[in-house]
Amino acid sequence: MSNLATTFARAERAAVISILRAKPDVSLADLRLLCRRGRFGRILGTLTLREYWHGRPDDTIDPITGVPDKLARRQRYDDEVIAALRDAGRPLSHDEVAVRVGSSAHEARVALQRLARERRARRTLAGRASKYVVA
């Protein structure tokens with residue numbers, strides 16, 4: 001697709017988000033009904049809560065197809081984990097990382113293990129617990 005088509009699709013997505021945020025009293029039943037109708041219904045059907053809460057389109061979602069880019073999402077999450085480790089200034093457990101980035105302990109543990117394999121984070125042992133620091 002052309003750059004122009006992507007720009008228009010992103011603008012339409014942003015407009016739908018703005019409209020939804022301006023009308024918080026719309027019921028879920030009404031939203032489900034709207035999802036079944038027309039071009040804006042297709043956009044509405046692919047919106048995420050993250051987009052609604054932040055008030056802007058998610059860059060990891062293709063604005064034309066509405067399909068998420070899983071690799072871009074993983075990279076964004078990994079960057080958030082690295083930032084949490086850097087901001088802490090001390091070794092963190094996967095539970096502490098999960099609290100700081102707002103995810104589950106399982107997601108944080110998997111990300112930390114991946115980052116350690118990629119040598120972006122370093123695992124340290126504190127007793128029986130694993131803690132991580134920025135490499």
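Atom OH of Y52 is surrounded by more than 12 heavy atoms from other residues, nucleotides or ligands within 6.0 Å. Within a 6.0 Å sphere centred on CZ of R10, heavy atoms belonging to other residues, nucleotides or ligands number more than 12.
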Only distances under 3.5 Å count here; give the side-chain donor-acceptor pairs of residues 76-85 to other protein atoms, sequence neighbours excluded, each with its distance to 0.1 Å.
unit_1: R76; atom_1: NH1; unit_2: D58; atom_2: OD1; d: 2.8
unit_1: R76; atom_1: NH2; unit_2: D58; atom_2: OD2; d: 3.4
unit_1: Y77; atom_1: OH; unit_2: S103; atom_2: OG; d: 2.6
unit_1: Y77; atom_1: OH; unit_2: A108; atom_2: N; d: 3.4
unit_1: D78; atom_1: OD1; unit_2: R114; atom_2: NH2; d: 2.7
unit_1: D78; atom_1: OD2; unit_2: R114; atom_2: NE; d: 3.2
unit_1: D79; atom_1: OD1; unit_2: Q75; atom_2: NE2; d: 2.9
unit_1: D79; atom_1: OD1; unit_2: R120; atom_2: NH2; d: 3.0

Listed pairs under 3.5 Å, donor-acceptor, residues 23-34 side chains, sequence neighbours left out:
unit_1: S27; atom_1: OG; unit_2: D30; atom_2: N; d: 3.1
unit_1: S27; atom_1: OG; unit_2: D30; atom_2: OD2; d: 3.3

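A donor-acceptor contact closer than 3.5 angstrom is absent between the side chains of R109 and S130.
Residues forming a side-chain hydrogen bond (donor to acceptor under 3.5 Å, both in side chains) with R50 (at least two apart in sequence, or on another chain): none. With sequence neighbours excluded, no residue forms a side-chain hydrogen bond (donor to acceptor under 3.5 Å, both in side chains) with T124. For R74, there are no side-chain hydrogen bond (donor to acceptor under 3.5 Å, both in side chains) partners, not counting sequence neighbours. Residues that satisfy the salt bridge (charged side-chain N to carboxylate O under 4.0 Å, His left out) test with D95, not counting sequence neighbours, are absent from this structure.
Under the 4.5 Å side-chain contact rule for hydrophobic residues, V134 and Y132 share a cluster. L92 and V133 fall into different hydrophobic clusters, where Ile, Leu, Val, Met, Phe, Trp and Tyr side chains are chained together by heavy-atom contacts under 4.5 Å.
Proximity of a side-chain donor or acceptor of R21 to a complementary backbone N or O of W53 within less than 3.5 Å is detected.
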- Apply side-chain contact (heavy atoms from CB on, under 4.5 Å) to R13 and T46, showing your working. CA-CA 9 Å; R13 196 170 185 85; T46 62; 2.9 Å; yes
- Evaluate the criterion side-chain contact (heavy atoms from CB on, under 4.5 Å) for residue pair D62 and T6; output intermediate values, then yes/no. CA-CA 8 Å; D62 184 311; T6 302; over 6 Å; no
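Taking both residues in full, the closest heavy atoms of A9 and P63 are given as CB-O, 3.5 Å, listed atom of the first, atom of the second, then distance. Across A72 and T60, no two heavy atoms sit closer than the pair CB-CG2, 3.7 Å.
At a threshold of 4.5 Å between non-hydrogen side-chain atoms, the residues C35 and L44 count as touching.
Between R90 and E96, at least one side-chain N (NZ, or NE/NH1/NH2) sits under 4.0 Å from a carboxylate O, which counts as a salt bridge.
Between the CZ atom in R56 and the CD atom in E51 there is a gap of 9.5 Å [rounded to 0.5 Å]. Here OG1 of T48 is found 4.5 Å from CD1 of I61. Values are rounded to the nearest 0.5 Å.
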